[in-house]
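These notes are about the structure you will find just below.
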Number of protein chains: 2
Amino acid sequence: MKVTIYDVAKEANVSIATVSNVINKKGRIGEKTRKRVFEAMEELNYEPNVIASALMGKQTKTIGLLIPDLANPFFSELARSIEDRSHELGYNIVICSTDYQEDKEDKYIGLLKQKRVDGFIFASGFEKLSRVEELMKEDIPIAIVARDYPNFSVNAVVIDDYMGGYIAAEHLIEKGHKKISVVAVDIYSNRERIRGFNDALSKHHLQIAQEIDFIGEIEKNHMDVGRKVAERYLQCEDRATAMFACNDLLAIGAIQAAKQAGLKVPKDLSVVGFDNTNIASIVDPPLTTVSQPIQLMGREVMDLIISVFKGEREDNVRVTLTPTLVERESTSEL
Amino acid sequence: MKVTIYDVAKEANVSIATVSNVINKKGRIGEKTRKRVFEAMEELNYEPNVIASALMGKQTKTIGLLIPDLANPFFSELARSIEDRSHELGYNIVICSTDYQEDKEDKYIGLLKQKRVDGFIFASGFEKLSRVEELMKEDIPIAIVARDYPNFSVNAVVIDDYMGGYIAAEHLIEKGHKKISVVAVDIYSNRERIRGFNDALSKHHLQIAQEIDFIGEIEKNHMDVGRKVAERYLQCEDRATAMFACNDLLAIGAIQAAKQAGLKVPKDLSVVGFDNTNIASIVDPPLTTVSQPIQLMGREVMDLIISVFKGEREDNVRVTLTPTLVERESTSEL
DNA sequence: TTGAAAGCGCTACCAA
DNA sequence: TTGGTAGCGCTTTCAA
């Protein structure tokens, strides 16, 4: 049978209260008793039951992480960085992939609430924030990462999507491109990136070459989406000479479409991506892309939610990180 | 405050025992009382406290998943497939990346045991199985995936690594290659793959061209390892015309090294990878690789561990899946 | 068919 | 400095 605090108490000849106290370093305990208790714990190979203490209202030391898709490199890298930081701080994370589906979000939030996670980190791309508000009303700590809700007061670590789009456009404009299309999916961050992109274009009296082609269904596989959208663009006469893809996967799909159409990247078509995931550097040509500081984001968002637990932060804090352009070989002078 | 079973009981004018019974569909309950209880639950928005019932010895509906690195595409895809199946079955998984470090494994196993996970799935590449044996002795269900322990009785879903290596070799031999090197890291599965590879070579009176160059330190970034090892091979005079890399990341690193050395893949050097992760098809050239049925593996291992929970499987079961060669464009006739 | 009561392992409060 | 004890929210006999 599992060894409990009672067994330790008996072995050490003290009460369970004392054992509990030494474990939690509370109250003042005599040095010898403390030692005796530790010895007993060692002896019996005692492992505290987190479940029981959670029932007493203590933390479960577990955080729920909702992301769209764990198999997507951006999110798996982000999850990894969150995981690392959480372990450093003594927490575990349970990951749920929502595939951008609200019913899954609902289901997972419910499940995790039952399990009394200490808080939620959302990296999910859902549009509604009613669920978030609900959790906040219940005083469950939440933090959002890689996803902005403007005009809404939450703890969030975001990058400046608008600026990301803006610098992508500037890069392309500098290279002399005038006809540029955009490949995106219909989620908030992409819309912001496009807004920034557009503004940069306008500043130079340019505009997006072909109508933006949002894909209604946010299909699971962004690469396929990128390929399909790019194919359509490429068939137009007077086609664009450059494309801005709102994430790396989309960009890679676009490059594949270009290759298939017999075009050379970047000679015949420049492509800039977004995210700077690990795959950006392994594709051919290596992707010029707007970099999100994934490691930092993961770390920051964990630190943020922890500070909420500790009550160190009263108000809702928004940490905005800056994207940077990483120039590789998928873009060139016109 | 949180609404408890007591609140529901009061609202429905029954005892908590009755409420508990209707929740768990146990005992025989009158139709009207059952309805009354459900109404009360609805009314009060009751959510059962999993923590409390776990304390009574019931399942936590949570499974620990130990993998080497969540940011590695093979493992993130595997984790995703396990996650999907776990959610279908009403479980959550908590993921821990071990980086192949035993101290991390120890730490995470300890943490998860304290949290009373219902079982463990190991995809980790650790060499020692003392931890596994320990858990088995404590009657904690475990299952292993993508990692074989020969001569050891555990629940496991594996692919035939030996066979994978064998078919990789046969493919290269068919293409007329005679001088072939191997890029690997020093973990069990890689050794098995090499063993199969070697045997296939021997059958054709061939042998590995350059000495196998295990990297002592299993560095985090396999791509770098692949690049470094391949660089060394490529500098040798009378260099190999083909390489077998024991995973896709290694293969991609090798291809990068070849490109850097001014070699064309596959014209000057054929490379075959292992795993068939998503990135295999997006690199250039698309990778010829030995495919592991990742989706299936995830599903099978979940089903396996669940069947252990249910006591449906008494003995330790080993499910062996078959690798297949996916021919793309990184290999060609000599 | 229902309910009273005894825990599960732990923390927190108050007494000693 | 230590210990007794009342719960936390639930499940599970055993009686009623």
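Reminder, nothing fancy here: chain letters follow the sequence lines and each chain counts from 1. Values reported hereafter were calculated over all heavy atoms of this structure, with side chains retained and with hydrogens, waters and symmetry mates removed.
For the ring pair (Phe, Tyr, Trp, His ring centres under 6.0 Å) test, residues two or more places apart in sequence or in another chain that qualify with Phe309(A) are Tyr91(A).
When rounded to the nearest whole Å, the span between NZ of Lys115(B) and C1' of dC8(C) equals 20 Å. With rounding to whole Å, Arg116(A) atom CZ is found 14 Å from dC8(D) atom P. Separating the CD1 atom of Ile23(A) from the C1' atom of dA12(C) is a distance of 14 Å, rounded to the nearest angstrom. Here dT1(C) presents its P atom at 14 Å from CZ of Arg36(B), a figure rounded to the nearest Å. Following rounding to the nearest Å, Gln59(B) (CD) and dC8(C) (C1') show an atom-to-atom distance of 16 Å. If you take CD of Gln114(A) and C1' of dC10(D), they are 13 Å apart, rounded to a whole angstrom. Rounded to a whole Å, the NZ atom of Lys25(A) is 17 Å from the P atom of dT1(D). Atom CG of Leu44(B) and atom P of dG9(D) are 14 Å apart (whole Å).
Remark: Arg147(B) is positioned above the aromatic ring of Tyr149(B), its terminal NZ or CZ atom under 6.0 angstrom from the ring centre and at most 45 degrees off the axis.
Panel note: side chain Arg36(A), backbone Ala12(A); a donor-acceptor pair is recorded below 3.5 Å. Side-chain N or O atoms of Asp69(B) include none that pairs as donor or acceptor with a backbone N or O of Asp99(B) at under 3.5 Å. Asp118(B) contributes no side-chain N or O that, together with a main-chain N or O of Gln59(B), makes up a donor-acceptor pair within less than 3.5 Å.
Closest-nucleotide positions on DNA chain C for Ile16(B) and Val50(A) were compared, and the one nearer the 5' end corresponds to Ile16(B). Residues Met56(B) and Arg34(B) both approach DNA chain C. Their nearest nucleotides, taken by heavy-atom distance, put Arg34(B) toward the 5′ side.
Distance from the side chain of Asn49(A) is smallest to dG9(C) among dG9(C), dT12(D), dG4(D). For Arg28(A), counting side-chain heavy atoms from C-beta on, the closest listed nucleotide (dG3(D), dT1(D), dT11(D)) is dT1(D). Here dT12(D) is the nucleotide among dT2(D), dG9(D), dT12(D) with the atom lying nearest to any side-chain atom of Lys58(B). Of the candidates dT11(C), dT1(C), dG4(D), the closest approach to any side-chain atom of Ser15(A) belongs to dG4(D). Side chain of Ser20(B), nearest nucleotide from dT11(D), dT2(C), dT11(C): dT11(D). Checking dG3(D), dT1(D), dT11(D) against every side-chain atom of Ile5(B), the shortest atom distance belongs to dT11(D). Ranking dT11(C), dC10(C), dA12(C) by closeness to the Thr4(A) side chain, first place goes to dC10(C).
Leu55(B) comes within 4.0 angstrom of a base, heavy atoms only. No engagement by Gly57(B) is indicated, since no non-hydrogen atom pair under 4.0 Å with the nucleic acid exists.
Between Thr33(B) and dT1(C) there is no side-chain N or O to OP1 or OP2 distance below 4.0 Å. Checking the phosphate oxygens (OP1, OP2) of dT11(D), a side-chain nitrogen or oxygen of Asn24(B) falls inside 4.0 Å. Residue Lys26(A) has no polar side-chain atom (N or O) positioned under 4.0 Å from OP1 or OP2 of dT11(C).
The 12-atom threshold is exceeded at NZ of Lys107(B), counting heavy atoms of other residues, nucleotides or ligands nearer than 6.0 Å.
Side-chain N/O atoms of Tyr6(B) and base N/O atoms of dC10(D) include a donor-acceptor pair closer than 3.5 Å.
Inter-axis angle, ends of the helix from dT1(C)-dA16(D) to dA16(C)-dT1(D), five pairs per end, rounded to 10 degrees: 40°.
Salt-bridge formation is detected for the pair Arg85(B)/Asp303(B): a Lys NZ or Arg NE/NH1/NH2 atom is positioned less than 4.0 Å from an Asp or Glu carboxylate oxygen. Using a 4.0 Å cut-off between a side-chain N of Lys or Arg and a carboxylate O of Asp or Glu, Arg131(B) and Glu102(B) do not qualify as a salt bridge.
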